[in-house]
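Let me begin by presenting the structure, written as structure tokens, before commenting on it.
Lettering follows sequence order; numbering is per chain, from 1. Heavy-atom basis, side chains included; hydrogens, waters and symmetry copies ignored.
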Amino acid sequence: MIKTKIFADIVACLKKLDLKYNDNFTVEIPNVKEHGDFSTNAALINAKLNNLKPHDLALKIKEIMQKGKNYKSIDIAGPGFINFKMANSVFHRNLIQIVNDKNNYGSSNYGKRQKILLEFISANPTGPLNVVSARAGAYGDSLARIMNYIGFDAFKEFYVNDAGNQVDILGESMELRYRELHGERLDEFPEEAYHGEYIKDLAAQLSVIDGSKLFHIAEKDRLERMQNFALEAIHNMQVISLNGFDVQFDNWMSEKKLRAEGMLEEALSYLAEANCTYEKDDAVWFCSSQFGDEKDRVLIKTDGNPTYLVPDIAYHLTKYQRGFDVLIDVLGPDHHGHVSKLKAAMLALEMDISKLEVVYLQHINLIQDGEAVKMSKRAGKIVTLDDLIDEVGKDAARYFFVNRKPNAHLDFDLKLAKKKSSENPVYYCQYAHARIASILKKAKKEKITLKDFNTKNLKRLDKEIELSIIKKMLELPTILNACADHREPHRLAVYVHELAGLFHRYYGKYTIVDAKHKELSQSRLYLISAIMNVLAITLNLLGISAPEKM
RNA sequence: GCGCCAGUAGCUCAGCUGGAUAGAGCAACGGAUUUCUAAUCCGUAGGUCUGGGGUUCGAGUCCCUGCUGGCGUGCCA
């Protein structure tokens with residue numbers, strides 16, 4: 001990395017000058033070209049320490065560093081910034097490195113094999129996945145891919161709420177549709193039941209298997225049969241939808257299973273042992289107000305059933321027990337009230353709360369004809385993940401969702417997304433990749449190959465945009481690290497778009513394959529195949545395909 | 001009321017641990033195709049970064065405060 005090399009050079013320089021220094025200065029790529037390839041605030045940061053004016057310190061540093069061959073020029077500007085222009089050979093050497101790294105370029109041990117549990121989507125198993133889940137899926141999966149690429153052990157988990165109130169309602173909804181199928185007339189379908197067409201389908205499927213024999217067994221058994229059938233079918237639907245979205249989980253954690261294994265009782269007993277529970281009004285309470293929550297919360301309701309909080313505490317307890325270093329919960333914005341309760345419980349159980357991170361994904365507004373579409377799973381008015389993939393395609397959907405930072409609202413204009421035209425930025429990125437593939441084919445036809453390529457040819461890569469492209473590609477590791485550190489994969493999406501943009505500009509300005517200038521062509525081919533490789537790597541990390549043809 | 005999140009170009013959004021002249025895409029306008037894919041490129045125009053105060057060499061970025069919007073504040077999950 002050039003940046004770290006410059007940083008080290010500056011430190012060496014400060015030492016040589018026998019100055020005090022603080023190493024919290026930075027080496028950055030300035031956003032104005034005139035300020036050089038790289039820039040540092042080292043003199044600004046360290047001037048005071050040595051009773052010097054920033055500008056004077058900058059001068060001293062410049063004098064020493066100028067002797068190095070790697071720098072084309074060193075200038076002092078503004079209040080004391082030092083701007084570096086690097087020799088072309090520095091970029092060329094780094095380009096060779098990128099090419100040699102092949103499809104591992106950018107991967108590293110940055111994560112030091114830290115174990116990360118990434119829980120996302122965790123939609124209720126009571127219906128098909130909707131666009132909110134799509135956003136969570138694109139986000140979580142991309143983040144996991146990036147983290148794993150740079151040396152973390154990221155583990156993807158989907159928590160299935162397959163027990164509790166909403167599952168009872170699911171069973172009852174099935175029962176009603178089932179009765180309907182068998183000739184019973186329903187005066188009206190209850191508002192709280194699930195209205196989606198898929199319930200009718202499931203009831204019909206069950207009817208084919210079991211016929212009318214379910215009427216002859218006990219109500220409790222019948223409801224259980226209905227529930228389990230629906231749960232399994234819906235789970236399978238969700239898995240298939242996610243496969244179509246290129247999202248796969250390492251584990252599906254079942255709440256029902258947690259209950260069966262006695263995890264709820266275990267969690268409750270731990271809380272009781274910690275003297276954090278008490279009885280009042282025929283219910284069992286958790287004194288969460290002692291741990292930063294606004295007020296105490298009910299754990300066991302008057303009817304003897306646990307509230308949703310209990311299985312969630314139990315679930316998070318297992319996260320800790322499984323030895324992860326960091327737990328990341330990806331949640332909707334409507335859950336932030338819930339997190340304070342959960343964190344209170346983890347505190348009460350003396351868990352390391354700093355390990356538990358919550359990322360809130362903000363809501364999505366679906367815009368149709370300029371108006372927000374209201375969605376409700378119970379009323380059956382949802383736009384499903386499958387619909388979305390059918391309409392705009394997997395690649396566009398994933399790009400769209402991962403292209404913005406998690407805690408920003410997202411307006412999804414269905415009409416625009418359906419257009420499937422050049423307005424969609426994902427095509428822009430993919431097209432760059434396809435274009436390069438096409439140029440490489442043409443080069444083959446023209447019999448210009450890299451066989452007799454000599455690295456000396458790289459000297460011919462001296463155009464400003466060529467050096468900019470190399471510089472951009474060298475930024476990849478920094479971008480990936482930032483994505484992981486901030487849990488913000490959208491930075492990579494922005495990056496791909498920028499890199500694709502540079503290539504398109506390059507293509508427009510210069511001819512790559514030119515039979516009359518074989519060596520020049522070879523040099524440029526070398527460069528664009530590196531670009532193609534970086535595009536493929538980054539698109540893949542975002543779960544987007546990199547087509548050879550479009 | 002209290003809590004969380006957001007407010008950047010007409011629209012949708014970027015802006016890396018504070019850095020120099022705030023950037024893209026779309027929309028608008030004007031150009032480029034005997035050409036390696038025009039799903040592209042070049043140019044023009046568009047801004048009091050929600051208002052105010054503070055911190056410092058320096059603030060879209062950090063702190064305080066006002067305003068606006070979304071969400072939360074269940075013995076629902």
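Under 4.0 angstrom from either OP1 or OP2 of B:C36 there lies no side-chain N or O belonging to A:Y506. For A:R435, a side-chain nitrogen or oxygen approaches OP1 or OP2 of B:A38 to under 4.0 Å. An OP1 or OP2 oxygen of B:C42 is reached within less than 4.0 angstrom by a side-chain nitrogen or oxygen of A:R505. Taking 4.0 angstrom as the limit, A:H504 places none of its side-chain polar atoms (N or O) nearer than this to OP1 or OP2 of B:A39. Applying the 4.0 Å criterion to OP1 and OP2 of B:C75, one finds that A:Y308 has every side-chain N and O outside that range. Remark: A:K53 is not in phosphate contact with B:C57, judged by side-chain N or O atoms under 4.0 Å from OP1 or OP2. The side chain of A:N407 contributes an N or O atom lying less than 4.0 Å from OP1 or OP2 of B:A6.
A:D281 comes within 4.0 angstrom of a nucleotide base, judged by non-hydrogen atoms across all strands. Using a 4.0 Å heavy-atom distance criterion, A:N41 is classed as a base contact. Among the heavy atoms of the strands lying under 4.0 Å from A:N83 is at least one base atom, whether or not backbone atoms are also near. When heavy atoms are screened at a 4.0 angstrom cut-off, A:S39 is found touching base atoms of the nucleic acid. Residue contacts for A:Y510: at a heavy-atom cut-off of 4.0 Å it reaches a base atom on one of the strands shown. Residue A:K405 is classed as a sugar-phosphate contact, given heavy-atom separations below 4.0 Å to backbone atoms only.
A:F81 qualifies as a stacking partner of the B:A20 base, centre to centre under 5.5 Å and near-parallel within 30°.
Contact annotation: the side chain of A:F38 never approaches that of A:E28 to less than 4.5 Å [non-hydrogen atoms, C-beta and beyond].
Once rounded to the nearest 0.5 Å, the distance linking CG of A:L440 with CZ of A:R435 reads 13.5 Å.
Counting all heavy atoms, side chain and backbone alike, A:A345 lies closest to A:F286 at CA-CZ, 3.4 Å. The heavy-atom pair separating A:N46 from A:N22 by the smallest distance is OD1-N, 2.7 Å.
Evaluation of atom-type donor-acceptor distances gives no pair under 3.5 Å for the side chain of A:T478 against the base of B:C16. At a cut-off of 3.5 angstrom, the base of B:A77 holds no donor-acceptor pair with the side chain of A:T307.
Between the side chains of A:Y110 and A:D485, a donor-acceptor pair is found at a separation under 3.5 Å.
Take the nearest nucleotide of RNA chain B for A:P79 and for A:K549: the residue whose nucleotide is more 5' is A:P79. The nearest heavy atom of RNA chain B to A:P406 and to A:F38 marks one nucleotide each, and the one closer to the 5' end goes with A:P406.
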Which is it for A:F81 and A:H35 under the ring-ring contact (aromatic ring centres under 6.0 Å, His included) test, yes or no, and what are the steps along the way?
CA-CA 9 Å; A:F81 290 102; A:H35 295 155; 7.7 Å; no
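Less than 6.0 angstrom separates the ring centroid of A:F453 from the ring centroid of A:Y526.
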Assign a letter to each nucleotide of nucleotides 67-73 of chain B from its 5' end: B, base within under 4.0 Å of a protein heavy atom; S, sugar-phosphate only; -, no contact.
--BSBSS
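Within a 6.0 Å radius of NZ in A:K301, other residues, nucleotides and ligands contribute more than 12 heavy atoms.
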